[in-house]
Every structure is written in C-alpha cells, then in structure tokens.
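A short write-up of the structure that comes next.
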Amino acid sequence: MVNVRYCRRAAITGLRKRQAMCRQGRDSKERCHLVLRGRQHVQACRKFVDLINQTSGKCVNWDPLRRIEVGDFGQINSETGQFICEGNIYRDEPLASIAQDYPPVIHDPVYEYKIDTSFTACISTPPNFGDLSGIVYKCQWKFKDTRAAFVVLNRARKISIPTSFLDMALNAGTPELRGKNVVTSVWSCPAFAMYMSNKSSEHVKIALRAPNSGSGKETGWYAEGNVGVYQFGSLPNEGYIPLYQLQIILKRNPHPRRDGRPPDEMMWVTTDVPWGELDDDGVEVPEGEHEWYDGGEDESDGDDDLILTSPN
C-alpha cells in the first residue's frame with residue numbers, strides 16, 4: 001500500500017531506487033509498481049480491475065500476496081476494486097458440511113496465462129534484449145493513446161470449485177448460497193506481471209529471468225518502455241494470487257426463452273463490478289454523460305438475459 005505520509009520528494013526518490021532494483025533483479029521478491037498518490041492510486045487500481053474484467057470476466061487481485069481462496073465469498077470494494085472476504089464455504093457452517101464432499105480441483109500448471117485488453121497489440125515476435133541472459137519468458141506489446149492493460153502469469157495453476165458442487169447447488173436450491181458472491185476459481189503462480197498504459201504510444205517489453213545457477217533464487221523481471229502503472233513479482237513458489245473468478249446464483253430475466261428453457265431458471269453468472277462506466281483515469285462517469293457507440297442495427301436476438309459464463 002502507498003504510504004501517503006511520505007513527502008513527494010522522498011516518494012519519487014524511493015520510486016526511482018525501486019525501479020532500478022527491479023530492473024537489476026535485486027527486488028524480485030517484492031512488488032514493484034509505479035507510486036501514485038492517494039486518490040489517484042485508488043482510481044488507477046480500479047481502472048485496471050475494470051479493464052481486465054471487461055475483457056475476461058476475471059477479477060484482478062491488485063495485492064497478489066494477499067490470499068484469496070477458492071470458496072471465499074464476499075464483495076468487491078467499490079472504491080478500490082479489491083475483494084473483501086466475508087467467509088468461506090469450506091470453513092463456515094452450514095455450507096462447510098455440504099462442501100466437504102466437493103474438495104477444490106487443482107489443475108496442472110500452464111506455462112503462460114495472459115489477458116490483453118482492447119487497444120492492446122501483443123506482438124507475436126519475441127522481443128530482443130541484447131545480452132540479457134537466463135530468460136525463461138519474454139513478450140512485448142504496443143499501446144495507443146487509449147488506456148489499455150495486460151496481465152501475465154507464468155506457470156499459472158488454476159484451483160476451482162468442482163462443477164459437480166456448482167450443479168448441485170443449483171439443482172438442490174441451496175438457500176445458504178443465494179445472494180453470495182463466491183470465488184469459484186483462483187489462479188496462483190510464482191511470477192506475474194501487470195501493466196496499464198499511460199494513454200500514450202508505448203512499446204513495452206518484459207522478460208523473466210531464470211534462477212541463478214546453483215542459488216535457487218529468481219533474478220526477477222526486466223522491463224523496457226514501462227511508463228504506465230505496473231506491478232511485477234517473482235517468488236520460488238506459487239505465492240501469488242493475481243486472478244480470481246467471482247460468481248453468484250441469479251434468476252434469469254422473466255421473459256420467454258427461444259431455447260425452451262424456463263424463464264425463472266437459476267444460473268451461476270459472473271458478478272458485476274460495483275461501479276458504472278469509468279473514464280480513462282478510473283473516475284466514474286456521471287449518469288447522462290456516457291459516450292454511446294452507434295454501431296448501427298442491433299444484431300442481438302432480442303433477449304435481455306444475463307450474460308452467462310462457465311466457472312472454467
């Protein structure tokens with residue numbers, strides 16, 4: 001968290017030192033991010049969460065060392081975008097007695113789990129870092145003058161509530177789950193990179209370097225062109241939780257269904273973020289001042305149903 005009691009000069013000096021340490025790999029076990037002051041920092045975090053959520057339906061844990069566990073339920077803070085845990089279905093009764101027969105599913109890790117938002121161009125050609133050695137992952141992006149973002153998890157492992165429990169909760173009409181925003185999946189990893197552009201033409205390149213031979217220590221991330229808001233981190237184990245899926249049981253809108261399904265059917269749906277449209281700086285746009293896109297004739301099928309996602 002940013003300590004707002006520091007004077008501006010000390011904060012800028014500390015930032016430059018931390019950025020230099022991050023580039024040189026001496027700060028690989030700590031978060032390294034652009035320091036923003038007070039309200040500006042909060043709005044930037046919320047904007048980043050909003051961009052990734054719009055693209056993927058996933059939620060960003062801006063403080064990846066803070067544990068978010070499968071089965072947690074709670075709310076998203078409307079000011080910061082951070083998850084506030086109120087309990088866990090595997091620990092708190094009466095849900096724990098039901099959930100104990102459905103332990104979380106631990107999936108095999110994947111080399112790369114990456115989310116790019118709109119107005120982000122991920123370049124397929126690997127970047128060139130000259131004589132930088134020991135690189136185990138590298139990628140590059142180009143940005144334009146619209147706020148955009150990416151998040152990368154290296155060796156990401158997904159942990160999720162089994163589909164059998166989610167189906168059971170719907171079929172049995174489990175009242176204890178009604179109205180609860182449940183973390184149905186989390187993604188853990190030993191190394192992550194989060195970046196949000198600075199509303200300018202940018203070319204960002206990142207590289208993750210392998211452990212030093214014989215030392216077992218990560219040498220961390222190296223980045224070029226990163227002038228926006230960012231966080232990088234690497235650990236020897238899967239100590240970070242940068243992403244999670246938040247879902248809730250809701251009833252479909254009571255309109256006739258073309259597919260024959262009952263209109264009052266209960267479904268798991270992705271939890272909405274608790275704010276309206278945000279501008280490029282993360283400030284909520286007042287009612288009536290939204291910029292509408294006139295894309296011509298509406299090509300929807302006329303249904304006003306909730307957009308559904310699977311817990312995968």
Side-chain angles (χ1 to χ4, degrees), residues 49 52-53 55-61 64 66-76 83-115 151 153 155-190 192 237-255 257-274 303 305-312:
V49 172
I52 298 299
N53 184 265
T55 300
S56 65
K58 308 296 189 298
C59 296
V60 173
N61 180 14
R66 184 172 63 89
R67 299 297 296 178
I68 296 178
E69 299 180 338
V70 165
D72 283 350
F73 55 84
Q75 308 293 329
I76 297 176
F83 178 70
I84 302 173
C85 181
E86 299 172 351
N88 187 287
I89 66 171
Y90 290 105
R91 293 192 299 267
D92 300 329
E93 296 294 350
L95 289 169
S97 298
I98 303 172
Q100 64 180 354
D101 295 328
Y102 302 87
V105 178
I106 302 175
H107 303 259
D108 292 332
V110 296
Y111 172 70
E112 175 194 68
Y113 191 92
K114 177 165 60 69
I115 299 172
V151 58
L153 281 59
R155 289 176 285 162
R157 184 187 301 275
K158 178 183 176 182
I159 306 172
S160 60
I161 295 176
T163 303
S164 55
F165 175 85
L166 301 179
D167 293 341
M168 180 278 300
L170 291 175
N171 297 330
T174 310
E176 294 84 0
L177 280 175
R178 298 292 170 83
K180 286 184 168 57
N181 300 297
V182 181
V183 176
T184 54
S185 298
V186 299
W187 284 261
S188 65
C189 64
F192 76 93
N237 52 32
E238 298 177 10
Y240 295 115
I241 306 288
L243 289 172
Y244 62 99
Q245 178 92 55
L246 198 62
Q247 295 185 292
I248 186 172
I249 296 176
L250 289 179
K251 184 183 294 186
R252 287 180 176 273
N253 290 343
H255 298 300
R257 295 289 306 169
R258 293 185 179 184
D259 56 13
R261 289 179 293 182
D264 59 349
E265 181 182 6
M266 304 302 293
M267 299 293 294
W268 284 98
V269 303
T270 299
T271 300
D272 289 333
V273 290
D303 280 341
D305 279 335
L306 297 162
I307 297 176
L308 306 180
T309 64
S310 71
N312 295 328

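Keep in mind the model is a prediction, meaning the values are calculated, not measured. Below, all heavy atoms of this structure are taken into account, side chains as well, without hydrogens, waters or symmetry copies.
Side chains of Gln245 and Ser185: no donor on one and acceptor on the other come within 3.5 Å.
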| task | Start with the C-alpha gap between Gln247 and Val269, add the side-chain angles, then the distance that decides, and say whether side-chain contact (heavy atoms from CB on, under 4.5 Å) holds. | result | CA-CA 5 Å; Gln247 295 185 292; Val269 303; over 6 Å; no
| field | Pair Val60-Asn53, side-chain contact (heavy atoms from CB on, under 4.5 Å): steps then yes or no | value | CA-CA 8 Å; Val60 173; Asn53 184 265; over 6 Å; no
| field | Test side-chain contact (heavy atoms from CB on, under 4.5 Å) applied to Ile115 and Lys58, step by step | value | CA-CA 9 Å; Ile115 299 172; Lys58 308 296 189 298; 4.3 Å; yes
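The two residues Pro242 and Phe192 have their closest heavy-atom pair at CG-CB, 3.9 Å. Across Glu238 and Ser188, no two heavy atoms sit closer than the pair OE1-OG, 3.2 Å.
Checked against a 6.0 Å centroid threshold, the rings of Tyr113 and Trp187 count as neighbours.
Interatomic distance, CD1 of Ile68 versus SG of Cys59, reported as 8.5 Å (0.5 Å rounding). For the atom pair CG of Leu250 and CZ of Arg178, the computed distance is 10.0 Å after rounding to the nearest 0.5 Å. Between Asp101 atom CG and Met168 atom CE the span is 8.5 Å, to the nearest 0.5 Å. Here CD1 of Ile249 is found 10.5 Å from CE of Met267. Values are rounded to the nearest 0.5 Å.
For Asn181, the side-chain contact (heavy atoms from CB on, under 4.5 Å) partners two or more places apart in sequence, or in a different chain, are Gln75, Leu246, Ile248, Thr271. Partners of Pro274 by side-chain contact (heavy atoms from CB on, under 4.5 Å), not counting sequence neighbours, listed by chain and number: Ile76, Ser78. Among residues two or more places apart in sequence or in another chain, the side chain to side chain donor-acceptor pair (under 3.5 Å) test is passed with Thr55 by none. Residues passing the side-chain contact (heavy atoms from CB on, under 4.5 Å) test with Glu93, sequence neighbours excluded: Ala96, Ser97. With sequence neighbours excluded, the residues satisfying side-chain contact (heavy atoms from CB on, under 4.5 Å) with Val182 are Phe73, Ile161, Leu177, Lys180, Thr184, Trp268.
Contact of the Arg155 side chain with the Val110 side chain is not registered, since no non-hydrogen atoms from C-beta on lie closer than 4.5 Å. Two residues are said to be in side-chain contact when any heavy atoms from C-beta on lie closer than 4.5 Å; Val151 and Lys114 fail this criterion.
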Counting only pairs under 3.5 Å, give me each side-chain donor-acceptor contact of residues 83-91, with atom names and distances, residues two or more places apart or in other chains.
residue : atom : partner : partner atom : Å
Asn88   : OD1  : Tyr90   : N            : 2.7
Asn88   : ND2  : Val70   : O            : 3.2
Asn88   : ND2  : Asp72   : OD1          : 2.7
Tyr90   : OH   : Tyr102  : O            : 2.7
Arg91   : NH1  : Glu69   : OE1          : 2.7

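Judged by distance alone, with hydrogens and angles left aside, the side-chain atoms of Ser160 form no donor-acceptor pair with the main-chain N or O of Pro162 at under 3.5 Å.
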